[in-house]
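One structure is given below, encoded as structure tokens.
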2 protein chains.
Amino acid sequence: MKISAQEEYGLRCLVQLATLAADESLTLPQIAEREGVSQANAGKLMWLLSKAGFVQSTRGTKGGYTLARPASKIYLNEVIKILDGDEINTHCESYTGILEVCVHKGDCGIRPVIVGLHKIVDEALSNITLSQLVGEERKVTQTFQQIQRLEKKVAQEILGS
Amino acid sequence: MKISAQEEYGLRCLVQLATLAADESLTLPQIAEREGVSQANAGKLMWLLSKAGFVQSTRGTKGGYTLARPASKIYLNEVIKILDGDEINTHCESYTGILEVCVHKGDCGIRPVIVGLHKIVDEALSNITLSQLVGEERKVTQTFQQIQRLEKKVAQEILGS
DNA sequence: TCAAATCTATACTTTTATGTCAAGATTCAT
DNA sequence: ATGAATCTTGACATAAAAGTATAGATTTGA
């Protein structure tokens with residue numbers, strides 16, 4: 001389970017915009033520079049994020065990108081879904097081996113794992129907003145560590161029973 | 001965040017072995033048939049799993065594959081690490097853009113998210129064994145759903161404070 | 001109006017992951 | 001011993017993801 005390049009760089013570009021004051025914006029060259037990616041690549045990512053409604057773009061001499069809504073209203077699970085696709089609903093169609101359709105119909109040992117994992121990730125990300133990734137306000141680590149601790153507890157209770 | 005083909009098919013092949021009685025084994029053609037993958041592909045996966053010590057192989061006419069230990073002692077997080085690499089420790093080296101090294105040194109907004117996510121996934125998988133994916137004994141869904149419920153609660157407590 | 005700065009959109013190239021092939025090694029049965 | 005069945009291993013081919021290039025569209029300001 002890896003984070004794709006699109007997820008990584010797309011998210012990073014968004015975070016750059018989240019650091020801006022209300023009246024500021026960034027151009028493609030600026031974003032590319034700040035994230036150490038090529039301008040062409042940044043352009044493609046911003047185009048995606050723009051289509052999806054996370055950022056607002058304006059063309060022309062004074063143009064650039066800004067967030068389309070406040071950073072505190074942009075949830076990571078939504079961003080990830082745009083950058084990496086809605087994996088949970090396409091998984092079984094993607095892994096059919098050499099057959100037209102997966103051999104496991106209604107009787108798949110690992111499907112609960114796959115689905116459950118995606119849901120756990122989605123749930124965790126749905127609690128994090130862009131604004132939490134900026135400056136001093138970072139509660140992410142604390143939140144995630146707490147989740148982890150409880151995972152252990154849950155497992156003991158359920159599996160031990 | 002996607003599950004790779006190697007993770008998917010590798011895990012499925014392992015589950016096939018977990019369904020066997022103690023004195024049974026499966027050959028490459030049998031595994032390939034049961035999972036709807038090519039024999040060549042199954043061969044590569046089993047080779048990986050064999051090298052990693054999850055399965056035991058024997059060559060020759062009466063040969064085939066069996067699990068190297070009881071299914072109840074094979075944890076999914078270990079299997080996934082073999083099939084997909086130790087992502088958490090290589091992530092930042094993989095995503096350096098067009099530079100030699102990532103622009104974010106000691107000041108990365110999204111690193112806590114990446115690391116936290118991987119840890120949450122690892123923790124969840126460390127509670128699931130192969131034996132839980134077989135037959136009637138499936139407690140996976142229950143465990144994962146409970147984790148999800150608690151994630152919500154944790155987020156409320158921490159982020160609301 | 002025109003040129004410069006900027007984003008947009010698609011096609012193309014490169015890189016990486018996936019999957020296949022074929023020759024070799026080992027074991028078993030006769 | 002020999003041949004058939006099986007796993008092993010590295011090289012190769014294919015497909016998918018990632019990244020680049022380029023021509024076009026829009027806006028600003030002189």
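Any value given below was found using the heavy atoms of this structure, including those in side chains, with hydrogens, waters and symmetry copies removed. Chain letters run A, B, ... following the sequence lines, proteins first and then strands; every chain starts at 1.
A/Ile3 has its CD1 atom 12 Å from the P atom of D/dA18, to the nearest Å. Between the CD atom of A/Glu35 and the C1' atom of D/dG19 there is a distance of 16 Å, rounded to whole Å. Atom C1' of nucleotide D/dT9 and atom CG of B/Leu45 are separated by 14 Å, given to the nearest angstrom. Rounded to an integer number of Å, the gap from B/Glu7 CD to C/dA17 P is 12 Å. Rounded to whole Å, atom P of D/dA17 lies 14 Å from atom CG of A/Leu83. Atom C1' of nucleotide D/dT9 and atom NZ of B/Lys51 are separated by 10 Å, given to the nearest angstrom. If you take OH of B/Tyr95 and C1' of C/dT15, they are 13 Å apart, rounded to a whole angstrom. We find that CG of A/Asn41 is positioned 16 Å from P of D/dA17, with the value rounded to whole Å.
Between the side chain of B/Lys44 and the base of C/dG19 there is at least one donor-acceptor pair of N/O atoms closer than 3.5 Å.
In terms of phosphate contacts, A/Thr58 brings no side-chain nitrogen or oxygen within less than 4.0 Å of OP1 or OP2 of D/dT27. Dashed line: the shortest gap from a side-chain N or O of B/Trp47 to OP1 or OP2 of D/dT8 is not under 4.0 Å.
Each of C/dC21, D/dA25, D/dA18 was ranked by its minimum atom distance to the side chain of B/Ala40; first place goes to C/dC21. The side chain of B/Tyr65 lies closest to D/dT8, out of D/dT8, C/dA17, C/dT6. Nearest to the side-chain atoms of B/Thr61 among the listed nucleotides C/dT8, D/dT20, C/dC28 stands C/dC28. Closest contact between the side chain of B/Arg59 and the listed nucleotides C/dT18, C/dC7, D/dT6 involves D/dT6. The side chain of A/Ile98 lies closest to C/dT20, out of D/dT28, C/dT20, C/dA29.
The existence of a salt bridge linking B/Arg12 and B/Glu8 is confirmed by a sub-4.0 Å separation between a basic side-chain nitrogen and an acidic carboxylate oxygen. Under a 4.0 Å N-O distance rule, the pair B/Glu78/B/Arg69 qualifies as a salt bridge. A salt bridge does not link B/Lys153 with B/Glu157: none of the charged nitrogens is closer than 4.0 Å to a carboxylate oxygen.
Between A/Tyr9 and B/Thr96, the closest heavy-atom pair is OH-N, 3.4 Å.
Shown for residues 9-28 of chain B: residues whose heavy atoms fall under 4.0 angstrom of DNA chain D, namely B/Leu26, B/Thr27, B/Leu28.
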side-chain contact (heavy atoms from CB on, under 4.5 Å) between A/Phe144 and A/Gln148, intermediate numbers included: CA-CA 6 Å; A/Phe144 279 15; A/Gln148 233 191 306; over 6 Å; no
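At the heavy-atom level, B/Gly43 lies nowhere under 4.0 Å from the strands shown.
Looking at B/Ile31 and B/Met46, their side chains come closer than 4.5 Å, going by heavy atoms from C-beta outward. Counting heavy atoms from C-beta on, the side chains of A/Met1 and B/Lys2 never come closer than 4.5 Å.
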